[in-house]
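As the structure is a prediction and not an experimental result, all values here were calculated from the model.
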Amino acid sequence: MSTAPAYTGGTPTVRTRFAPSPTGMPHIGGLRTTVFSWLLARHSNGQFLVRVEDTDQTRTVAGAVENLLQGLEWMGIVPDEGPFVGGPVGPYYQSERKQMYAYYAAQLVASDHAYRCFCTRERLDEVRAEQQARHMPTTGYDRHCRALSPEVIAGNLAGNLPFTIRLKVPLDGEVVVREALRGEMAFKNSTLEDAVLIKSDGFPTYHLANVIDDHTMAITHVLRGDDWLPSAPLHVLIYQALGWEVPVLAHTPNVMGNDGKKLSKRHGAESILFYRDAGFLPEAMINYLALVGWSYDDKTDILSVDELIKAFSLDRVHTAGGVFDLERLRWMNGVYIRALPLDELVTRVLPYLERPAGEGGLPDTIARPIDRGLLRRVLHLDQERLKTLGDAVDLTAFFFEDALAYAPEALIGKGLTPEKALDGLRRATDLLTSMPDWEPTAMEAAMRALAEELGTKPGPLFMGVRVAVTGRTATPPLFETMLTLGRDRSEARLRDAVAKLEKHVAG
RNA sequence: GGCGCAUUCGUCUAGGGGCCUAGGACGCCGCCCUUUCAAGGCGGAGAUCACGGGUUCGAAUCCCGUAUGCGCUACCA
């Protein structure tokens, strides 16, 4: 009777879990801890599961679980057990485990480790207000119902009075929390509150549900944000009251915003899907996130997922909070993009270009699907210029557009008069058009010779051609770009530019 | 107010008594490469290791205190 339904999947292995409440989109802070949990499970050849903590029915947001899992899956973090996939210790929604919590709560009451509390919210509010007004050292429940006589309890029950079940915290002594990252921490029982275990609506609070689930789901390592540290002693007390072994408890430092404050829904904590849509690579995300609060050594910062799994361990997790640094993530993402095989890059970039302009894709005037062969040649030139996959949209658009929009002044190279620029552009156009074969080295040599003949530096001359052909001042190497764009289109753009500049100079 | 955790360059971090006149990375600055932008190479600025006391021959590293920051203090998680 007192034996809990335990995991029966075989030999005990490391089992970790991510236990989100379905109140919104996952954000970077919680995600980092999840990465740790997942890495630990993978490192140990154990299991990683997802359990939805939806005991607060008033805050549950529709679709949140799907988003959560979608985000994790994008990162390559796929739970071994959880919603949708199921598993041997389900259900994986706390709202569906209500009877189990009630059962153990009753057991705690029977063993005198917990008691029914009939206090109304009004009374609780009054007590709290009074305590605050008097600046009492400890705010918290005054334990009014802790020693109700059996008769009173029976009467209240008969009268159908709503009640909560509270933990009967020992009045003195202390609890020792064995914290994996911090060692043993002793808390005075006198500073702990008789926390509510079962709410009057019959649902458990986090404290109870968390302990029961972690035990019955055979979780061996509980990794959670350090904002949970203050309630760890409470949880240890519950484990002890139930006669259960306490799993390894590790409270990871939180990832904070630029201002050093905890990340929250409205505070720079974009959903993980935001990063996906911006074009960050999941492998870069994991690598970056793993390095906030954990390190491998004093010099390595690029680690593949496999390397991370192999190297991860709790004893290199540290205890101070870290600030989320987008610039560093962008740098790392660029490293990963540059390392991608070209065809792989093409495959990954394609959806970013083809999505509607309103969602960040190429202008809708550009026909879909994008020519994969052309894109491949384009990305060959742009790969080292991308920090995110989304950058490709802006960088490559001119290869796909029909008409270029730029100001005629842009055609005038630095230090040139409009007339000289026009002359240079005409001569360059004639020169390039007359070349029998287009080959970058020969084109460059010819253009340099032209610059010398015109008595200008190559730079300004090249810039005029660059803008003519691409509409921008920053591009991949000019002649390779022209070849990639195609001779016909390049020449047409040169002629358009000459006309444009003629008009500008004349008018 | 109470309780708790934390504190090394702007940021992520290495460091667990002498190897530290504190190392790496991002970012920043300069130079090189160069037709632009990147990428790459080289170099630089940037931390009295929060502060104050100890312990020790010797402390960023151990202990105590202070300060600051953050978190918790709900029938939220």
A.B. asks: What class does the angle between the rings of A:His207 and A:Trp228 fall in, given that below 30° is parallel, 30 to 60° is tilted and above 60° is perpendicular?
C.D. replies: perpendicular

A.B. asks: Can you tell me which nucleotide in B:G4, B:C76, B:C72 comes closest to the side chain of A:Pro230?
C.D. replies: B:C72

A.B. asks: How would you label the contact of A:Cys119 with the nucleic acid (heavy atoms, under 4.0 Å): base, sugar-phosphate, or nothing?
C.D. replies: base

A.B. asks: Pick base, sugar-phosphate or nothing for A:Thr205, based on heavy-atom distances below 4.0 Å to the nucleic acid.
C.D. replies: sugar-phosphate

A.B. asks: Rounding to a whole Å, what distance do you find between A:Leu234:CG and B:A74:P?
C.D. replies: 12 Å

A.B. asks: Quick one, which residues of residues 426-433 of chain A touch RNA chain B with a heavy atom under 4.0 Å?
C.D. replies: none

A.B. asks: Can you tell me which nucleotide in B:A77, B:C75, B:C5 comes closest to the side chain of A:Tyr206?
C.D. replies: B:A77

A.B. asks: Tell me whether the side-chain N or O atoms of A:Ser231 pair up with the base of B:C72 as donor and acceptor below 3.5 Å, since no angle test is needed here.
C.D. replies: no

A.B. asks: Scan A:Pro477 against the nucleic acid and name what it touches under 4.0 Å (heavy atoms): base, sugar-phosphate only, or nothing.
C.D. replies: base

A.B. asks: Spell out protein contact along nucleotides 40-46 of chain B as letters: B when the base is contacted, S when just the sugar-phosphate is, - when no protein heavy atom is under 4.0 Å; keep the 5' to 3' order.
C.D. replies: S------

A.B. asks: Any salt bridge linking A:Arg385 with A:Asp391? Criterion: basic side-chain nitrogen under 4.0 Å from a carboxylate oxygen.
C.D. replies: no

A.B. asks: With rounding to whole Å, what would you report as the distance between B:A39 and B:G27 at their P atoms?
C.D. replies: 8 Å

A.B. asks: Is it true that A:Asp382 and A:Thr396 share a donor-acceptor pair across their side chains at a distance under 3.5 Å?
C.D. replies: no

A.B. asks: Among pairs that include at least one residue of residues 173-187 of chain A, which meet salt bridge (Lys or Arg N to Asp or Glu O under 4.0 Å), considering only residues two or more places apart or in two chains?
C.D. replies: A:Arg178-A:Glu184, A:Glu179-A:Arg182

A.B. asks: Given atom CH2 of A:Trp228 and atom P of B:A74, what is their separation to the nearest angstrom?
C.D. replies: 13 Å

A.B. asks: Roughly, in whole Å, what's the span from OH in A:Tyr336 to P in B:C26?
C.D. replies: 14 Å

A.B. asks: If a protein heavy atom is under 4.0 Å from the base, mark B; if only from the sugar-phosphate, S; if neither, -; do that for nucleotides 8-19 of chain B going 5' to 3'.
C.D. replies: ---BBSSS----

A.B. asks: Hey, can you pull the residues of residues 161-174 of chain A with a non-hydrogen atom under 4.0 angstrom from RNA chain B?
C.D. replies: A:Thr164, A:Arg166

A.B. asks: Using the C1' atom as the reference point in each nucleotide, state the distance between B:C70 and B:A50 in Å, no decimals.
C.D. replies: 15 Å

A.B. asks: What interatomic distance, in whole Å, is found between C1' of B:U55 and the corresponding atom of B:C64?
C.D. replies: 11 Å

A.B. asks: Who pairs with A:Glu327 by salt bridge (charged side-chain N to carboxylate O under 4.0 Å, His left out), at least two apart in sequence or on another chain?
C.D. replies: A:Arg330

A.B. asks: Suppose you measure atom C1' in B:G52 against the same atom in B:U7; what distance do you get, rounded to whole Å?
C.D. replies: 15 Å

A.B. asks: So what does A:Ser200 touch, heavy atoms closer than 4.0 Å: a base, only the sugar-phosphate, or nothing?
C.D. replies: base

A.B. asks: Can you find a side-chain donor-acceptor pair between A:Thr252 and A:Thr33 that sits under 3.5 Å?
C.D. replies: yes

A.B. asks: Using atom C1' of each nucleotide, how far apart are B:G23 and B:A6 to the nearest Å?
C.D. replies: 23 Å

A.B. asks: Atom CG of A:Asp194 and atom C1' of B:U73: how far apart are they, to the nearest Å?
C.D. replies: 15 Å

A.B. asks: Take the protein atom CG of A:Asp54 and the nucleotide atom P of B:A77, then report the distance between them rounded to whole Å.
C.D. replies: 10 Å

A.B. asks: When you compare the side chains of A:Asp430 and A:Thr433, does any donor N or O come within less than 3.5 Å of an acceptor on the partner?
C.D. replies: no

A.B. asks: Mind checking what makes side-chain hydrogen bond (donor to acceptor under 3.5 Å, both in side chains) contact with A:Ser200, not counting sequence neighbours?
C.D. replies: none

A.B. asks: Under the 3.5 angstrom rule, does the side chain of A:Glu452 hit a backbone N or O of A:Ala449 as a donor-acceptor pair?
C.D. replies: no

A.B. asks: Is the distance from OP1 or OP2 of B:A77 to the nearest side-chain N or O of A:Lys199 less than 4.0 Å?
C.D. replies: yes

A.B. asks: Measure from the side chain of A:Ser21, starting at C-beta and using heavy atoms only, and say which of B:A77, B:A6, B:C75 lies closest.
C.D. replies: B:A77

A.B. asks: Write out all pairs satisfying salt bridge (Lys or Arg N to Asp or Glu O under 4.0 Å) with one or both partners inside residues 460-482 of chain A, taking only residues at least two apart or from two chains.
C.D. replies: A:Asp394-A:Arg472

A.B. asks: From the set B:A74, B:G24, B:G4, return the single nucleotide nearest to any side-chain atom of A:Lys299.
C.D. replies: B:G24

A.B. asks: Is A:Asp194 paired with A:Lys168 through a side-chain N to carboxylate O contact shorter than 4.0 Å?
C.D. replies: no

A.B. asks: Taking only residues at least two apart or on different chains, which pairs with a member in residues 441-466 of chain A satisfy ring pair (Phe, Tyr, Trp, His ring centres under 6.0 Å)?
C.D. replies: A:Phe462-A:Phe479

A.B. asks: B:G24, OP1 or OP2 - any side-chain N/O from A:Thr300 closer than 4.0 Å?
C.D. replies: no

A.B. asks: Give me the distance, rounded to whole Å, that separates B:G15 from B:U61 when you measure between the C1' atoms they each carry.
C.D. replies: 8 Å

A.B. asks: B:U56 and B:G17: how far apart are their C1' atoms, nearest whole angstrom?
C.D. replies: 9 Å

A.B. asks: Mark yes or no: A:Arg116 above the aromatic ring of A:Phe118, with NZ or CZ under 6.0 Å from the six-membered ring centre and no more than 45 degrees from the axis.
C.D. replies: no

A.B. asks: Going by salt bridge (charged side-chain N to carboxylate O under 4.0 Å, His left out), name the residues that satisfy it together with A:Glu130, two or more places apart in sequence or in a different chain.
C.D. replies: A:Arg134

A.B. asks: Using the P atom as the point on both nucleotides, what is the distance between B:G44 and B:A25, in whole Å?
C.D. replies: 12 Å

A.B. asks: Looking at B:A39, I'd like to know if its phosphate oxygens (OP1 or OP2) sit under 4.0 Å from a side-chain N or O belonging to A:Lys387.
C.D. replies: yes

A.B. asks: How do A:Asp301 and A:Thr473 order along RNA chain B: which one's closest nucleotide is nearer the 5' end?
C.D. replies: A:Asp301

A.B. asks: Which of parallel (below 30°), tilted (30 to 60°) and perpendicular (above 60°) describes A:Tyr275 and A:Phe324?
C.D. replies: perpendicular

A.B. asks: My understanding is that only residues two or more places apart in sequence, or in another chain, count here; which of them pass salt bridge (charged side-chain N to carboxylate O under 4.0 Å, His left out) with A:Asp226?
C.D. replies: none

A.B. asks: What is the distance, to the nearest angstrom, from the CG atom on A:Leu68 to the C1' atom on B:A77?
C.D. replies: 13 Å

A.B. asks: Provide, to the nearest angstrom, the distance between the CE atom belonging to A:Met185 and the C1' atom belonging to B:C72.
C.D. replies: 12 Å

A.B. asks: Could you state the CD-P distance from A:Glu53 to B:A77, rounded to the nearest angstrom?
C.D. replies: 8 Å

A.B. asks: For A:Glu122, what residues pass the salt bridge (charged side-chain N to carboxylate O under 4.0 Å, His left out) criterion, not counting sequence neighbours?
C.D. replies: none

